[in-house]
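Just below is one structure, and these are the notes that go with it.
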Amino acid sequence: MKPIHAHRRPARAGIALCWSFALVPATLAIAGPYAYVPVASSYTVSVIDTATNAVIDGIPAGEGPIGVAVSPDGLLIYVASQNAHSMIAIDALTDTVIGTLALASDPFGLAVTPDGSQIYVALSGIDAIAVVDAQSLTVLDTIEVGMTPRAVAFTPDGGKAYVANQNGASVSVIDTQDDNTVIRHVPAGGFALGAAVNPAGDRAYVATSGAGSGSGLVVIDTATDAIVTTITVGEARGVAVAPDGRVYVSHDDSVSIVDPATNTVATTVPTGQTAYGVSLSRDGARAYVVNTNGASVSVVDTASAAVISTIPLAGGAFSLGNFVGPPIMPRAPVLAASGRQQAIRLTFDAPRDGGSAILDYTATCGTASVTGTASPLTIGGLSNGVTHACSVVARNAIGTGPASNVVQATAGVADAIFIDGFDAP
């Protein structure tokens with residue numbers, strides 16, 4: 001088939017970034033990996049601790065946040081806010097917005113390239129994909145696709161991107177290695193709303209809604225981009241693929257689990273009202289289904305195919321994209337110090353562990369340091385009357401997290417507590 005050379009709009013130059021950093025207080029709770037659910041009606045992103053299935057934070061995200069994608073390393077979360085015509089970047093170690101990018105039109109779904117270097121954002125209002133540089137948060141390219149693009153999914157090698165076009169009732173296939181050329185448009189038979197590619201990279205799945213045969217899960221052979229089959233599941237909206245290849249498609253008020261070997265529905269799990277976004281934990285043990293009108297997230301145990309928890313949200317949410325991250329390094333502890341004879345005693349709260357148990361802490365005062373498994377830690381062998389800059393870091397299997405606040409503490413000053421440079425009697 002002859003390639004379709006899409007007309008390109010020039011990249012937007014001079015995008016201003018609004019960078020800000022803040023120290024977030026640590027908590028005593030030991031957390032699991034996190035899910036990030038944009039709540040459109042409350043203009044926030046709800047941060048869910050998947051170990052406790054509870055909302056632990058809310059991050060301002062602009063008006064109408066809908067699409068979401070987590071970077072491969074889990075350290076950055078990108079959120080598309082439709083009504084604000086913008087995309088934000090969130091630092092997962094602080095739950096703060098560190099960058100904002102103005103976009104040309106209504107952004108909807110988005111996806112991060114497998115190498116984490118770029119974000120493809122569906123601009124529904126102008127039938128295009130914005131290619132965004134992840135480091136600078138600038139638009140590198142704009143690619144014309146089908147009508148009203150809603151979702152984007154990459155093959156594991158990043159060579160192709162599949163774009164679900166709602167009003168175009170089609171899937172645009174982009175060759176990312178050939179100057180982002182649109183090589184074909186695949187008819188989807190209905191309003192295409194969600195897209196995903198399996199870990200093997202040989203199948204793309206597109207969720208479609210519409211009257212009669214226009215609804216279902218379209219299965220595409222990624223080698224030829226031909227439709228293999230369409231599986232009837234109801235008014236399909238979102239789709240995700242587990243590590244074992246099983247496909248989870250949200251529809252109506254349920255999620256169906258599809259056997260990829262037979263392309264048949266193995267089971268259907270009732271979730272909540274208007275099931276939309278769906279994402280899986282990296283080990284495939286849990287599926288998370290966002291119920292738009294139910295204002296909740298249903299947590300599905302994939303082994304038993306049963307809902308084990310329902311998490312209330314502040315309002316209606318769609319959450320198009322991959323919104324569950326992998327384990328990350330621990331957060332920064334919050335530190336206080338007190339003087340001892342020829343020593344400084346450091347106390348700190350256990351921070352959120354990032355989804356992997358904290359192995360140890362390393363405390364440093366000047367050039368001296370000590371490692372231990374819990375607070376407090378004492379650094380000895382110091383000269384009395386000498387003030388040192390002290391800090392502590394936490395380490396888990398993923399890596400060492402950011403340093404705590406720096407405290408200026410003096411050895412030999414008994415019964416004094418130093419917090420952020422102030423003496424507390």
I need the [X] [atom1] to [Y] [atom2] distance, nearest 0.5 Å.
X    : Y    : atom1 : atom2 : result
I143 : I174 : CD1   : CD1   : 4.0 Å
Q82  : S105 : CD    : OG    : 8.5 Å
T100 : L137 : OG1   : CG    : 8.5 Å
I77  : I98  : CD1   : CD1   : 9.0 Å
D252 : T268 : CG    : OG1   : 9.5 Å
I311 : T52  : CD1   : OG1   : 8.0 Å

Would you sort out whether T347 and R345 count as a side-chain hydrogen bond (donor to acceptor under 3.5 Å, both in side chains), showing the intermediate values? CA-CA 7 Å; T347 59; R345 186 173 186 259; 5.8 Å; no
Where do [X] and [Y] come nearest, in terms of heavy atoms and distance?
X    : Y    : answer
A337 : L346 : CB-CD2, 3.4 Å
A374 : Y361 : N-CD1, 4.0 Å
E63  : S81  : O-CB, 3.6 Å
V197 : T155 : CG1-CA, 4.0 Å
P38  : A317 : O-CB, 3.2 Å
A195 : Y162 : CB-O, 4.1 Å

Side chains of [X] and [Y], donor plus acceptor under 3.5 Å:
X    : Y    : answer
S170 : H185 : no
N198 : D202 : yes
D91  : T96  : no
S124 : R150 : yes
S117 : D115 : yes
T387 : T410 : yes
T371 : T362 : yes
D133 : T138 : no

So does [Y] get a backbone contact from the side chain of [X], meaning a donor-acceptor N/O pair under 3.5 Å?
X    : Y    : answer
T302 : A285 : yes
D127 : T148 : yes
T181 : D175 : no
T208 : G190 : no
S172 : G146 : yes
S86  : A102 : no
R246 : V241 : no
S215 : S209 : no
S250 : V278 : no

Do [X] and [Y] have side-chain heavy atoms sitting under 4.5 Å apart?
X    : Y    : result
Y205 : P260 : yes
D49  : R352 : no
L93  : I328 : yes
V112 : P72  : yes
V218 : V171 : no
V219 : I231 : yes
T176 : T113 : no
F108 : L320 : yes

Taking 4.0 angstrom as the limit, do [X] and [Y] come out as a salt bridge?
X    : Y    : result
R331 : D95  : yes
D225 : K160 : yes
R203 : D221 : yes

Sole candidate of D73, D353, L75 that passes side chain to side chain contact (heavy atoms under 4.5 Å, CB included) when paired with M329: L75
Run through V47, I48, T44, V37 and flag the one making a side chain to side chain contact (heavy atoms under 4.5 Å, CB included) with V55. I48
Evaluate the ring planes of F154 and Y120, with Trp represented by its six-membered ring, and classify them as parallel (under 30°), tilted (30 to 60°) or perpendicular (over 60°). perpendicular
Chi angles and distances behind the side chain to side chain contact (heavy atoms under 4.5 Å, CB included) call for Q273, T292: CA-CA 7 Å; Q273 190 175 1; T292 303; over 6 Å; no
Stepwise side-chain hydrogen bond (donor to acceptor under 3.5 Å, both in side chains) check, H251 with S256: CA-CA 8 Å; H251 59 90; S256 286; 2.6 Å; yes
Against N291, only a single residue in T271, T274, D253 fulfils side-chain hydrogen bond (donor to acceptor under 3.5 Å, both in side chains); can you say which? T271
Between L382 and I344, does a side chain to side chain contact (heavy atoms under 4.5 Å, CB included) hold up when you go through it step by step? CA-CA 8 Å; L382 304 176; I344 294 174; 3.8 Å; yes
Side chain to side chain contact (heavy atoms under 4.5 Å, CB included) assessment of V173 paired with I220: CA-CA 11 Å; V173 184; I220 298 173; over 6 Å; no
Provide the full list of salt bridge (charged side-chain N to carboxylate O under 4.0 Å, His left out) pairs with a residue in residues 271-295, sequence neighbours left out, each pair given once. R286-D301
Sub-6.0 Å ring centroid separation between F318 and Y276: yes
N165 and F191: side chain to side chain contact (heavy atoms under 4.5 Å, CB included), yes or no, with the steps? CA-CA 7 Å; N165 305 306; F191 297 130; over 6 Å; no
